[in-house]
Amino acid sequence: MSIPLAISLSSALLFSGTAAYPVNGAPGLTANALYARTKPVISACVLSKGTTEAATRGYLAKLVRCLNTAWAPVLRSAGFKVRPASLAVARRMPKCGGYSPDAMVGSAALICERVIRVQLGPDWVRTRDDRAILVAVGKAYGRYLQEAAGIDAAQRKLRRGDRNEGAEQGRRYGLQSDCLAGVTLKGVWGKRPGTRWATPMSGFGRGFEGTVANRRSWLKRGFAAGAPSVCNTWVATSKAVA
């Protein structure tokens, strides 16, 4: 499969420089089998969102089923035997074991123990424009893929060194889930308008997961390629994961 010129040039910029804190001795991160897999195939997944709570819950359930169906063969071919992601929806963010998320305003999606947990508010219920929902659930599903592929467990074992090294490792992890979200979105985006597709991320300021520019860059990179092979943030330059 040929790689578009834009992706090739982007790769040169992302991987040809240096990293202040290179990740060594962690093949589960730098050479994970997931990167060698083909594109997930999402077929017969026509998503149509209604504007009632029941309709929105049904839409979310269908979305997660579609993603599980598409990614299951990719994960199996990489040698990962995992259960599909499940879904928990409530008006307040569902708890995860002993962990209770901070109070959130509006709707949101998080991952915990391979369960996509959705706080469903009026903003997601009333809208027919589902792009923000797709980005949020896609991000949570990207985290599920990291858990399923052993990336989450591997990054927890890294030597943290000083504070700056630990922060960079955290950004590599967060930006990778953005990239995998883009891969996931590629299959379900369909004919939705593309000019504003990344705007749901505009509210993410510079934080522990990286700059807004880098978050958008990795998200768009995954979307453009539609394959996890472009999401190896663990060998990218420090600038690319700032």
Side-chain angles (χ1 to χ4, degrees), residues 1-23 29-42 67 70-71 74-75 78 109 111 131-132 134-149 151-152 155 168-190 192-242:
M1 179 181 65
S2 61
I3 300 175
L5 178 59
I7 297 295
S8 298
L9 292 174
S10 177
S11 297
L13 293 174
L14 290 174
F15 305 114
S16 61
T18 60
Y21 303 99
V23 178
L29 299 174
T30 58
N32 192 282
L34 183 65
Y35 309 145
R37 298 306 98 190
T38 57
K39 298 179 181 181
V41 178
I42 301 178
L67 298 182
W71 279 99
V74 177
L75 292 169
I111 188 71
R131 288 175 293 176
L134 289 176
V135 170
V137 175
K139 170 71 172 181
Y141 203 88
R143 289 291 178 101
Y144 158 76
L145 293 171
Q146 288 176 303
E147 291 185 10
I151 293 170
D152 180 67
Q155 65 89 21
E168 182 171 287
Q169 291 170 358
R171 292 193 300 273
R172 290 184 187 280
Y173 182 70
L175 291 166
Q176 182 174 57
S177 63
D178 287 333
C179 183
L180 291 170
V183 177
T184 295
L185 291 173
K186 180 76 168 185
V188 296
W189 201 256
R192 290 169 178 79
T195 55
R196 292 175 56 244
W197 80 277
T199 54
M201 297 194 68
S202 62
F204 293 119
R206 180 185 175 91
F208 70 93
E209 293 196 341
T211 65
V212 172
N214 275 342
R215 295 198 67 186
R216 286 184 174 179
S217 175
W218 283 101
L219 186 72
K220 291 179 179 180
R221 179 177 173 80
F223 187 88
S229 57
V230 301
C231 295
N232 190 354
T233 56
W234 301 98
V235 296
T237 65
S238 290
K239 183 177 180 180
V241 294

*Asks:* Specify the closest pair of heavy atoms between Y144 and L75, including all atoms of both residues, with the distance to one decimal.
*Replies:* OH-CD1, 4.0 Å
*Asks:* Using the ring of each side chain (for Trp, its six-membered ring), is W189 parallel, tilted or perpendicular to F223, with breaks at 30° and 60°?
*Replies:* perpendicular
*Asks:* Rounded at 0.5 Å granularity, tell me how far OG1 in T233 sits from CD in Q155.
*Replies:*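 Answer for the OG1-CD pair, T233 versus Q155, is 10.5 Å.
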*Asks:* Mind checking the SG-CG spacing from C231 to N32? Nearest 0.5 Å is all I need.
*Replies:*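 Answer rounded to 0.5 Å: 11.5 Å.
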*Asks:* Check side-chain hydrogen bond (donor to acceptor under 3.5 Å, both in side chains) between Y173 and all other residues, then give those that pass, not counting sequence neighbours.
*Replies:* D152
*Asks:* Grab the two heavy atoms, one from A224 and one from K186, that are nearest each other, plus how far apart they are.
*Replies:*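 Between these two residues, the closest heavy atoms are O-NZ, 3.8 Å.
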*Asks:* Measure across T38 and P228 and return the closest heavy-atom pair with its distance rounded to 0.1 Å.
*Replies:* O-CD, 3.8 Å
*Asks:* Can you name the residues that form a side-chain hydrogen bond (donor to acceptor under 3.5 Å, both in side chains) with Y35, not counting sequence neighbours?
*Replies:* Q176
*Asks:* Quick one: closest heavy-atom pair of W234 and L29, and the distance?
*Replies:*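 Shortest heavy-atom separation between W234 and L29 comes out as CD1-O, 3.4 Å.
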*Asks:* Who are the side-chain hydrogen bond (donor to acceptor under 3.5 Å, both in side chains) partners of R172, not counting sequence neighbours?
*Replies:*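 Only E168 meet the side-chain hydrogen bond (donor to acceptor under 3.5 Å, both in side chains) criterion with R172.
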*Asks:* D178 and side chain to side chain donor-acceptor pair (under 3.5 Å): which single residue from K220, R221, K139 fits?
*Replies:* K139
*Asks:* Regarding R143 and E209, does a basic nitrogen lie under 4.0 Å from an acidic carboxylate oxygen?
*Replies:* yes
*Asks:* Looking at every non-hydrogen atom in both residues, tell me the closest pair between T30 and N232 and how far apart they are.
*Replies:* O-ND2, 2.8 Å
*Asks:* Closest heavy-atom contact between L219 and L185?
*Replies:*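 Scanning both residues completely, I find the closest heavy atoms to be CD1-CD1, 4.3 Å.
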